[in-house]
Q: 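Before I ask anything, here is the structure I am working with.
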Amino acid sequence: MASSGKDRIRCQLELGEADQSGVWPDYLQYVFTETDIPALLDLVADQTFDQMDSESTEVWAPLHAWRTLGQLGSSQAIIPLLNQFDQLCDDDWALPELSTVMGMLGEAAIEPQAAFLKDNHHKEFARVMVLDGLAEIVKRLPHCRERVIRCYSDYMRTPDESAHVLNGLLIGRLLDLDAKETIDDIRHLFTRDCVDITCAGDLEEVEIELG
């Protein structure tokens with residue numbers, strides 16, 4: 001999109017500091033459509049905002065942009081957003097919120113996130129974001145539970161043994177889903193000694209919780 005489109009959207013998103021309550025405004029009241037997706041993605045990826053005065057209203061534009069992408073719910077945004085996760089995973093707001101956005105993007109985001117999770121070239125906490133993004137899809141679309149659990153199981157069979165926190169958090173998500181059917185895969189993770197037990201407990205605790 002031409003820079004004028006990006007500038008127009010940037011002006012619309014000068015809403016200032018985000019509400020920490022977790023309640024998002026209705027961004028679609030500003031008449032965003034799928035034609036605005038490229039410009040919104042440009043704002044999310046624009047690293048110049050990192051250099052701005054933290055007190056300015058503009059510095060919040062990328063956050064408002066990714067929330068808008070979530071509310072638009074278009075699959076067009078999935079891959080471009082995932083491509084920003086390694087850059088954004090150190091951002092205190094992006095870490096939880098982009099998982100929510102992926103949940104809003106729905107079923108089409110399952111396979112791309114599953115592939116991202118299994119790719120050890122990505123940063124550990126970028127993969128935590130997709131781990132949570134998959135869990136968020138199940139919260140919104142319970143019929144996707146089995147597909148998401150299969151994605152988790154596929155990862156556990158060939159895990160990143162250096163990603164102890166990721167693996168521990170993954171077990172926590174399986175506990176949230178009461179995924180008793182994954183107990184053998186969970187045991188496989190523990191036998192590889194690659195789980196941070198501060199995330200969801202040790203194997204005995206996990207077995208007890210899953211019954």
Side-chain angles (χ1 to χ4, degrees), residues 1-117 122 125-126 128-145 147-148:
M1 181 175 288
S3 60
S4 58
K6 180 180 175 181
D7 292 342
R8 173 183 65 80
I9 289 173
R10 183 167 169 173
C11 289
Q12 287 178 294
L13 294 179
E14 287 181 4
L15 303 174
E17 184 172 355
D19 184 345
Q20 295 188 11
S21 71
V23 178
W24 295 6
D26 176 14
Y27 293 95
L28 301 189
Q29 68 181 298
Y30 302 109
V31 202
F32 289 112
T33 68
E34 288 195 359
T35 61
D36 296 313
I37 288 174
L40 289 164
L41 289 166
D42 284 347
L43 286 178
V44 173
D46 191 341
Q47 297 185 48
T48 61
F49 290 99
D50 296 336
Q51 314 305 320
M52 291 183 178
D53 183 347
S54 61
E55 299 299 318
S56 71
T57 57
E58 281 189 296
V59 76
W60 294 92
L63 175 147
H64 295 303
W66 70 56
R67 288 180 171 186
T68 304
L69 288 165
Q71 291 184 2
L72 283 170
S74 173
S75 61
Q76 294 179 40
I78 294 170
I79 298 300
L81 272 179
L82 283 173
N83 289 340
Q84 298 302 317
F85 275 25
D86 285 305
Q87 172 191 319
L88 293 170
C89 65
D90 296 324
D91 183 293
D92 290 341
W93 284 87
L95 188 61
E97 289 211 354
L98 283 171
S99 301
T100 301
V101 170
M102 283 293 157
M104 297 168 77
L105 295 177
E107 198 165 351
I110 292 177
E111 297 307 326
Q113 289 189 99
F116 192 105
L117 178 62
H122 294 298
F125 277 89
V128 168
M129 289 161 71
V130 302
L131 179 74
D132 289 343
L134 288 164
E136 188 68 30
I137 291 173
V138 179
K139 288 180 187 176
R140 295 168 181 272
L141 302 170
H143 69 274
C144 292
R145 178 184 178 276
R147 282 183 64 191
V148 166

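As a basis for the values below, the full set of heavy atoms in this structure was taken, side chains included, without hydrogen atoms, waters or symmetry mates. This one's a predicted model, so the numbers in the text were calculated from it and none came from an experiment.
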Q: With sequence neighbours excluded, give me every salt bridge (Lys or Arg N to Asp or Glu O under 4.0 Å) pair touching residues 90-99.
A: R67-E97, D90-K123
Q: Any chance you could measure Q113, atom CD, to I78, atom CD1, to the nearest 0.5 Å?
A: 8.0 Å
Q: Applying salt bridge (Lys or Arg N to Asp or Glu O under 4.0 Å) as the test, list every pair that has at least one member in residues 104-115; sequence neighbours left out.
A: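 Only E107-R147, E111-R147 qualify under salt bridge (Lys or Arg N to Asp or Glu O under 4.0 Å).
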Q: Which residues pass the side chain to side chain contact (heavy atoms under 4.5 Å, CB included) test with T48, not counting sequence neighbours?
A: D46
Q: Please identify each residue that fulfils salt bridge (Lys or Arg N to Asp or Glu O under 4.0 Å) with E34, with sequence neighbours left out.
A: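 With sequence neighbours excluded, E34 shows a salt bridge (Lys or Arg N to Asp or Glu O under 4.0 Å) to no residue whatsoever.
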Q: Do any pairs count as a salt bridge (Lys or Arg N to Asp or Glu O under 4.0 Å) and have a residue in residues 68-81, sequence neighbours left out, and if so which ones?
A: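 Every candidate salt bridge (Lys or Arg N to Asp or Glu O under 4.0 Å) pair involving residues 68-81 fails, so no pair, neighbours aside, qualifies.
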Q: Measure across P62 and V44 and return the closest heavy-atom pair with its distance rounded to 0.1 Å.
A: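 Looking at all heavy atoms of both residues, the shortest contact is O-CG2, 3.9 Å.
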Q: List the residues meeting salt bridge (Lys or Arg N to Asp or Glu O under 4.0 Å) with D86, not counting sequence neighbours, and say none if there are none.
A: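 With neighbours one apart ignored, the set is empty.
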Q: Could you give the side-chain donor-acceptor pairs of residues 132-142 under 3.5 Å, partners two or more places apart or in another chain?
A:
unit_1, atom_1, unit_2, atom_2, d
D132, OD1, R173, NE, 2.5
D132, OD1, R173, NH2, 3.1
E136, OE2, R140, NE, 3.2

Q: Looking at side-chain heavy atoms only, is the closest gap between Y30 and D36 below 4.5 Å?
A: no
Q: CG of L63 to CG of L98: how many Å apart, nearest 0.5 Å?
A: 8.5 Å
Q: Partners of E17 by side chain to side chain donor-acceptor pair (under 3.5 Å), sequence neighbours excluded?
A: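 Expected list: none.
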Q: Considering only heavy atoms from C-beta outward, does the side chain of F116 approach that of M102 to under 4.5 Å?
A: no
Q: Identify, with sequence neighbours excluded, every residue that meets side chain to side chain contact (heavy atoms under 4.5 Å, CB included) alongside A61.
A: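 Checked A61 against side chain to side chain contact (heavy atoms under 4.5 Å, CB included); matches are F49.
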Q: So, taking the atom named CD in Q84 and the one named CE in M129, what distance separates them when rounded to the nearest 0.5 Å?
A: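 Spacing of CD (Q84) from CE (M129) equals 10.0 Å.
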Q: Are any non-hydrogen side-chain atoms of C89 and V128 less than 4.5 angstrom apart?
A: no
Q: By side chain to side chain contact (heavy atoms under 4.5 Å, CB included), which residues pair with D26, not counting sequence neighbours?
A: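 D26: side chain to side chain contact (heavy atoms under 4.5 Å, CB included) contacts with L28, Q29, Q71.
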Q: Under the rule for ring pair (Phe, Tyr, Trp, His ring centres under 6.0 Å), what residues qualify as partners of Y27, not counting sequence neighbours?
A: H64
Q: In Å, rounded to the nearest 0.5 Å, how long is the span from CG of L41 to OG1 of T68?
A: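 It is 11.0 Å, given to the nearest 0.5 Å.
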Q: Report yes if some heavy atom in the side chain of L81 is under 4.5 Å from a heavy atom in the side chain of L105; otherwise report no.
A: yes
